[in-house]
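These notes are about the structure you will find just below.
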Amino acid sequence: MIDALTEFASRLPGMRETLYYGTLDTLYMVLWSTVFSVLFGLPLGVLLVTTERGGLTPAPWLKPVLGAVVNIGRSLPFIVLMVAVLSLTRLLTGTTLGPTAAIVPLSIGAVPFFARLVETAVREVDRGVVEAAHAMGTRKSAIVGKVLLPEALPGLVAGLVMTVVTLVSYSAMAGAIGGGGLGDVAIREGYQRFDDYYLWATVILLVVIVQAAQTIGDLVIRRVSHR
């Protein structure tokens with residue numbers, strides 16, 4: 001075991017450049033996928049709550065449609081989703097390979113996931129607070145922005161952290177079909193060339209990224225919970 005660790009340490013300088021660029025690609029994919037997940041998943045999650053019976057803007061015909069879209073998106077394994085949207089990926093990015101192309105399926109896979117977490121967080125807001133704001137004549141749009149979302153902020157941040165962690169996992173799988181990042185490094189340099197040290201290094205880096213995201217998220221959650 002000691003000999004293996006010594007050999008691993010001696011190999012690190014030679015792997016540094018490959019791991020560095022693989023890490024940058026992973027962070028790039030996760031960052032932009034997170035941005036798109038929030039842009040589309042947040043309003044979708046809010047609509048899932050506000051359009052239900054008894055919500056701010058009941059729409060019995062819309063809620064089942066939105067729910068079905070979210071459920072379908074969540075039911076597809078990510079590796080299948082990547083293949084299924086290859087044509088869309090090529091249309092939007094001009095290619096199906098590389099980190100930029102991987103952002104498309106990553107975002108599509110994460111939006112319904114984050115939307116459900118937003119729905120759960122918003123649904124937990126005390127209805128009495130919403131009813132009080134409504135009784136004071138606050139507009140429905142203002143209730144969402146000034147009551148629902150601020151009150152649900154700790155849950156929203158927790159959901160965002162969970163989404164980021166999931167995206168790190170998804171990005172590693174994206175490497176299986178040319179998505180780049182640490183997943184690609186693990187497969188190309190580790191698995192295909194039978195180099196266990198690359199596998200160890202990518203696993204360690206992925207764990208570090210996840211732990212960093214979780215730690216930062218926990219700090220933010222504590223901050224907003226005691227604001």
Any non-hydrogen side-chain atom of [X] less than 4.5 Å from a side-chain atom of [Y]?
X	Y	value
Ile209	Thr23	yes
Leu106	Phe36	no
Leu156	Leu117	no
Asn71	Arg116	yes
Arg123	Glu52	yes
Trp200	Val203	no
Leu199	Asp196	yes
Val185	Arg188	yes

Find out if a path of hydrophobic residues (ILVMFWY) with successive side-chain heavy-atom gaps under 4.5 Å connects [X] to [Y].
X	Y	result
Tyr20	Leu205	no
Leu47	Leu39	yes
Val85	Val83	yes
Leu206	Tyr21	no
Phe113	Leu81	no

Return the minimal non-hydrogen interatomic distance between [X] and [Y], and the atom names on each side.
X	Y	answer
Thr95	Thr93	O-OG1, 2.7 Å
Pro105	Thr89	CD-OG1, 3.8 Å
Trp32	Ile103	CB-CD1, 3.7 Å
Val118	Gly41	CG2-O, 4.3 Å
Tyr198	Thr18	OH-OG1, 3.9 Å
Leu48	Gly67	CD2-N, 3.8 Å

**Asked** Does Ile72 offer a backbone N or O that forms a donor-acceptor pair with the side chain of Ser75 under 3.5 Å?
**Response**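 Yes.
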
Once rounded to the nearest 0.5 Å, what's the spacing between atom [atom1] of [X] and atom [atom2] of [Y]?
X	Y	atom1	atom2	value
Thr26	Leu31	OG1	CG	12.0 Å
Leu66	Glu119	CG	CD	10.0 Å
Ile108	Met82	CD1	CE	10.5 Å

**Message:** The test is side chain to side chain contact (heavy atoms under 4.5 Å, CB included); show your working for Thr100 and Tyr28 and say whether it passes.
**Reply:** CA-CA 8 Å; Thr100 299; Tyr28 168 74; 2.9 Å; yes

Validation: residues 161-182 side-chain donor-acceptor distances under 3.5 Å, sequence neighbours left out:
from, atom 1, to, atom 2, distance (Å)
Thr163, OG1, Gly159, O, 2.8
Thr166, OG1, Met162, O, 2.9
Ser171, OG, Leu167, O, 3.4
Ser171, OG, Val168, O, 2.7

